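Note that the structure is a prediction, hence the values are computed from the model and not measured.
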Amino acid sequence: MKEMLDWIDVNIHFPITDPTWIFFLVLVIILFAPIVLERLRIPHIIGMILAGVVIGEHGLNILARDSSFELFGKVGLYYIMFLAGLEMNMEDFKSIRVKATVLGLLAFIFPLGIGIWTNLHILGYGLITSVLLASMYASHTLIAYPIVIRYGINRQRAVGIAVGGTAVTDTLTLLVLAVVGGMFKGDTSGMFWVWLVLKVIVLSMVIMYTFPRIGRWFFRRYSDNVVQYIFVMAMVFLGAGLMEVVGMEGILGAFLAGLVLNRLIPHVSPLMSHLEFVGNALFIPYFLIGVGMLINVNVLFGHIDSLKVAGVMIVVALVGKWIASWLTQKIYRMKAVERELMFGLSNAQAAATLAAVLVGYNIILPDGQRLLNEDVLNGTILLILVTCVVSSFITEHAAKRIVTDEAELDEGKANEKERFLIPLSNPDTLEDLISLGLVVRNPKQLDNLVALNVINDSNDSVRLEMRGRRNLERAAQIAASANVSMRTVSRFDLNIATGILHAAKEYDVTSIIIGLHRKTNIVDSFFGTLAENLLKKYYQQVMIARFQMPVNTLRRILVAVPPKAEYEHGFVKWVSHLCRMSGELGCRLHFFAHPQTLGYLKGCIRKLHKEVLAEYQELENWEDLLIITGQVNFDHLLVIVSSRRGSISYDSAFERLPGQISKYFNTCSIMVLYPDQMGDPNEQLTFSDPHGYAESQLYDKVRNRLYKWFKKEA
């Protein structure tokens with residue numbers, strides 16, 4: 001035992017410098033900090049920062065803040081800003097961009113104005129020092145953003161406003177920092193201000209124009225998840241590096257990269273899951289631990305000036321951010337919990353604050369003093385600690401309240417179960433069909449995807465069974481990589497259609513997703529025997545899809561809706577599924593329908609999917625379907641809402657659909673959707689009813705039901 005202690009004393013020195021042990025200790029902290037603090041009901045983020053305080057040079061001096069913490073810390077900071085941009089729904093952001101700008105301006109103006117006054121009159125600093133110090137109060141870092149991701153509320157309106165406001169506030173803060181730094185470098189001659197702003201605007205436009213096009217080109221050609229992940233990270237650091245070249249902080253470039261790439265990375269995709277996993281498991285915790293290592297607890301004892309400066313900084317920063325959040329809430333009549341969430345996300349100081357204080361600390365004035373002295377440096381460390389703690393607790397509290405409220409609202413919908421059955425046979429279309437299932441499913445329901453492989457009784461059944469198992473394993477891997485549970489089923493049956501129908505009944509399936517049949521001979525039908533048999537015997541929703549490119553690279557969804565489609569039993573269901581798909585992919589919906597049908601579509605979307613941006617165009621006669629050909633591009637998805645023979649919205653023109661699709665829409669992605677119908681089509685009333693019962697009774701019944709539900713006449 002004595003020899004072991006002597007060996008430890010001789011061979012282990014603090015702070016530890018061996019890379020192996022440094023990485024091991026960091027992983028231990030990342031592993032156990034959440035476990036321990038969860039019992040104490042303390043946000044995980046606080047645990048990472050406090051752990052950094054304990055092991056840092058101002059604590060037990062176990063680890064030094066070496067280059068690894070600088071490298072991984074910077075990656076973690078970029079990751080936070082990138083995920084913030086990536087998680088935003090761009091269609092939602094367009095509707096809240098004014099609110100986000102208002103919050104960003106208020107969160108900059110009030111802390112800056114109050115800060116300049118207090119710095120001049122209470123702390124007694126000069127004008128330039130006061131301006132730079134006040135700009136530190138205005139900036140904030142999305143330290144608490146992982147909390148909203150963990151609670152699944154990252155698409156809330158208040159979160160989007162806070163994230164957009166962060167981009168505005170930090171941009172203005174970094175402009176002040178660049179100008180002040182330039183003044184002491186002799187760079188403010190001529191058109192310095194205008195030139196700096198112009199460079200930032202031009203570069204932002206370049207990023208927003210080129211990055212999506214490069215990304216869409218890359219994703220269409222390379223489907224490997226690892227290659228896609230490396231590509232995305234390269235784009236993030238390219239954007240950050242370009243921003244640093246023009247004199248701004250890289251966090252703005254990382255945020256812009258997230259904004260422009262989010263349409264290509266659906267929220268439920270495997271790539272998004274990989275991005276969040278790596279960031280939350282390694283880079284972001286590394287950044288938080290590094291922030292904690294900067295905090296010097298000794299400033300609490302024996303440094304009255306530092307405490308005075310820190311007290312003023314903390315009060316001004318918190319009060320300024322609260323006023324900005326309160327005014328934004330009052331201006332736009334938002335809920336109190338939304339104000340709390342905006343305040344929680346917007347008051348943590350870290351990245352831009354550290355950049356500003358280090359720039360000011362390194363500027364030496366002509367009289368030999370520093371622009372920002374050691375009191376400000378120490379006060380900044382306390383400011384970071386207090387604001388990060390306050391931000392984490394407030395965000396956690398607000399997130400819990402929002403989740404609880406949503407759970408109460410969703411309680412009434414608990415019985416509205418849905419389950420998608422995806423029969424798989426062709427490995428080439430497997431990934432597209434699973435991707436379609438992922439973007440149309442309800443993410444709040446578990447176990448609502450079923451992958452099926454049916455083996456018919458043939459001499460080649462052994463080979464087919466092995467191939468089917470490989471397909472099911474691949475489907476389960478794709479779903480699991482998106483954090484979605486998928487049930488896989490393999491069964492023998494007399495024929496494929498019968499097997500699918502039996503599985504649909506056994507697993508209480510509400511929708512079937514199949515690939516569009518490919519003709520193998522001249523007498524083969526367009527949809528194939530399988531689809532035709534399913535449509536004859538299965539009366540719930542069937543989606544027949546063919547994709548010419550990856551689902552996540554689609555730019556628009558065009559929907560052709562036949563007259564009287566609003567009277568079908570599954571009208572609301574398929575509209576909800578397409579709206580859900582539009583939201584996940586960030587695509588705009590464009591409906592073509594009869595004026596009366598458009599009225600019901602607008603009412604349904606306004607009532608159930610306010611966040612979806614849709615366009616509407618009249619299609620008076622279904623015979624004019626080919627008018628759409630001029631508006632369908634190769635990167636669009638054309639959805640044709642069809643109907644089974646004998647149903648309310650059935651039209652004889654549907655018989656010409658196969659030929660029209662083959663001739664005019666053969667190069668674009670297409671989906672033919674058959675909505676739910678009530679009962680057997682053979683028992684349904686048709687328009688040929690000699691007594692007019694369908695027109696007078698059934699139509700009136702459905703029309704009255706929809707009128708009450710939408711509170712709007714057709």
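- Among residues two or more places apart in sequence or in another chain, the side chain to side chain contact (heavy atoms under 4.5 Å, CB included) test is passed with Ile114 by Thr118, Val316, Ile323.
- Under 3.5 Å, the side chains of Thr387 and Asn347 contain no donor-acceptor pair of N or O atoms.
- Screening Phe23, Phe287, Tyr286 for a ring pair (Phe, Tyr, Trp, His ring centres under 6.0 Å) involving Phe69 leaves a single residue, Tyr286.
- Residues forming a side chain to side chain donor-acceptor pair (under 3.5 Å) with Thr395 (at least two apart in sequence, or on another chain): none.
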For residues 224-239, dump all side-chain donor-acceptor pairs below 3.5 Å to protein atoms at least two apart in sequence or in another chain.
residue	atom	partner	partner atom	Å
Asp224	OD2	Val226	N	3.1
Asp224	OD2	Val227	N	3.1
Gln228	NE2	Tyr222	O	2.8
Tyr229	OH	Tyr79	OH	2.8

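- Side-chain atoms of Thr129 never come within 3.5 Å of backbone atoms of Tyr125 as a donor-acceptor pair (strictly under, hydrogens ignored).
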Worked verdict on Glu340 versus Arg401 for salt bridge (charged side-chain N to carboxylate O under 4.0 Å, His left out): CA-CA 10 Å; Glu340 185 180 351; Arg401 287 180 58 189; 3.0 Å; yes
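- In this structure, Gln329 CD and Met334 CE are separated by 7.5 Å, a value rounded to the nearest 0.5 Å.
- Every residue two or more places apart in sequence or in another chain that forms a salt bridge (charged side-chain N to carboxylate O under 4.0 Å, His left out) with Arg157 is listed here: Glu338.
- With rounding to the nearest 0.5 angstrom, the CD1 atom of Ile147 is 13.0 Å from the NE2 atom of His397.
- A distance of 11.5 Å separates CZ in Phe219 from CD1 in Ile214, rounded to the nearest 0.5 Å.
- With sequence neighbours left out, the side chain to side chain contact (heavy atoms under 4.5 Å, CB included) criterion links Ala324 to Leu103, Leu106, Ala107.
- Atom CD1 of Ile22 is separated from atom CG of Leu27 by 12.0 Å, given to the nearest 0.5 angstrom.
- Not a single side chain to side chain donor-acceptor pair (under 3.5 Å) links Ser130 to another residue, sequence neighbours left out.
- For Ser391 (side chain) and Cys388 (main-chain N/O), no donor-acceptor pair under 3.5 Å exists by modelled atom type.
- Using modelled atom types, one side-chain atom of His121 and one backbone atom of Trp117 make a donor-acceptor pair closer than 3.5 Å.
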